[in-house]
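Within every chain, numbering begins at 1; the chains are lettered A, B, ... in the order of the sequence lines, protein sequences first and strands thereafter.
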Protein chains: 2
Amino acid sequence: MTKVAQNLTADPAPGRRLPAHEVIYRQLRGLVLFGDLAPGQAVTIQGLTDQTGAGMTPVREAIRRLTAEGALEFQGNRRVCVPFLTADHVSELILARQWLDPHLALRATERASPEDLDHLEELDAALDTAITRGDLRGYLESNYRFHKRLYDLAAAPILADMADGLWLRFGPSLRVVCGRMGTQNLPDKHKELMAAMRARDAEGAARAIREDVIQGMEQVRQSLDDPEV
Amino acid sequence: MTKVAQNLTADPAPGRRLPAHEVIYRQLRGLVLFGDLAPGQAVTIQGLTDQTGAGMTPVREAIRRLTAEGALEFQGNRRVCVPFLTADHVSELILARQWLDPHLALRATERASPEDLDHLEELDAALDTAITRGDLRGYLESNYRFHKRLYDLAAAPILADMADGLWLRFGPSLRVVCGRMGTQNLPDKHKELMAAMRARDAEGAARAIREDVIQGMEQVRQSLDDPEV
DNA sequence: TGCCCCAGAATATGATCAAATTAATCCCTG
DNA sequence: CAGGGATTAATTTGATCATATTCTGGGGCA
């Protein structure tokens, strides 16, 4: 019997020293996911070797991985940059998340233990803290962690991978949008979601997360339409 | 205005010489997609350098890319192999394709030009030829090409990427399943699909492709349940 | 404006080091 | 004395780096 480790980012052996290419990958992934790199910004191999002190081979591998995931974009002429998102792209992302997220939330509700729910609520509390503090970066991280945890609870590794991958695509643009309007007016439906999960109301949980997704993503779409960076 | 090249596998400049890592990537991708590598088979860097004559850096990058796409699996101990598919995994793939494929077919129907439809029918004819010839490999390639073309016609690069990526996950197992029962009894709903697309019946096209997907994928699931390799 | 050259960046190689699997050996027990 | 398990040696494979080569893009010059 083989233990299937679907998720690449899962530590195979927690105590083991991580290879450099894995470390670079995670760093760079975080930079994209939380919008530290702006859309359009170039990502160069040499820049990363200088910045991280690593050799170019690990850096190359990290960039290839992110590019394959859609987090970075290959520009044809050997250049790589953070992709711009058009309104059409956001529409696709909305469609995809509108299907994936509720489905995963539904499964998560059926499977989550009370401890799992407690943990989710902790993550949501951290999110609220970040909002009241006006900590944008903290908000983005907490929000991602909350949803990521929900994906993992669904026990559907392939679908979870798909949903997770979408975050990399709108991360940079989300940061731009949120940066424009501060952290105060960032409503979510997490409380409704948690209530439904506690009540084992899987359908209700799916509905709550669907509204959460639409609410958040529509803001991104509208924001991209108007000023057009 | 930046031209967004969403798909990595698209030639940026057709005349240009492709870099080695891109060549290796495509070769290896084909091997996975069409089941030339069996589930569980190890994919080693050195093996590929010997086999292709390329250096290890391009090989490494190709493997990382495929791993990020879920075509290969990282085994924790720095080893990489072709993943085994469990019945649960297939269930996830069925769910995902059951949503993605009809949606893309619907959009493709709305957008396809008559020439596009002609081209699709050519691809389908090649598929039939492969079946009557008993050419398994040819069948798998033609079938993929048909569906891939359908994805591209939908003009939804992100969703198309997602759907395309799923093929890499069930490619090896599909080959095993089809290999067991020959090419004769491989029914599909492509004729119904084409008829609906010609009639601009988007809903009908979506229905046809949905049945096609279910029919094909259910065979894989059942086949995985019974003999358990 | 168009061409040519150059700086800089990416691609690709082979060497070197480290880790892991495999093979072989040895010791201990029955 | 034979078999089994485990430790260790050998080999294979992965990870990283330094370096050479190729290509792209831009600036200078006609």
What does the list of N/O pairs under 3.5 Å between the protein and nucleotides 8-10 of chain C look like, with a distance for each?
residue	atom	partner	partner atom	Å
C:dA10	OP1	A:I45	N	3.3
C:dA10	OP2	A:I45	N	3.4
C:dA10	OP2	A:Q46	N	3.4

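Listed by chain and number, the residues in a side-chain contact (heavy atoms from CB on, under 4.5 Å) with B:R78 amount to none (sequence neighbours excluded). With sequence neighbours left out, A:R137 forms a salt bridge (charged side-chain N to carboxylate O under 4.0 Å, His left out) with A:D36, A:E141. Residues that satisfy the side-chain contact (heavy atoms from CB on, under 4.5 Å) test with A:T183, not counting sequence neighbours, are A:L136, A:L186. Applying the ring pair (Phe, Tyr, Trp, His ring centres under 6.0 Å) rule to A:F146 yields the partners A:H190; only residues at least two apart in sequence or on another chain are considered. Checked against side-chain contact (heavy atoms from CB on, under 4.5 Å), A:E122 has the following partners two or more places apart in sequence or in another chain: A:H119.
Between the CG atom of B:L18 and the C1' atom of D:dC23 there is a distance of 14 Å, rounded to whole Å. In this structure, NE2 of A:H21 is placed 13 Å from C1' of C:dA19, rounded to the nearest angstrom. Nucleotide C:dA19 holds its P atom 16 Å from the CD atom of A:E22, rounded to whole Å. Between B:D50 atom CG and D:dG14 atom P there is a gap of 10 Å when expressed in whole angstrom units. Rounding to whole angstrom units, OH of residue B:Y25 and P of C:dA12 are separated by 16 Å.
Using cut-offs of 30° and 60° for the angle between ring planes, the B:W99 and B:H103 rings count as parallel.
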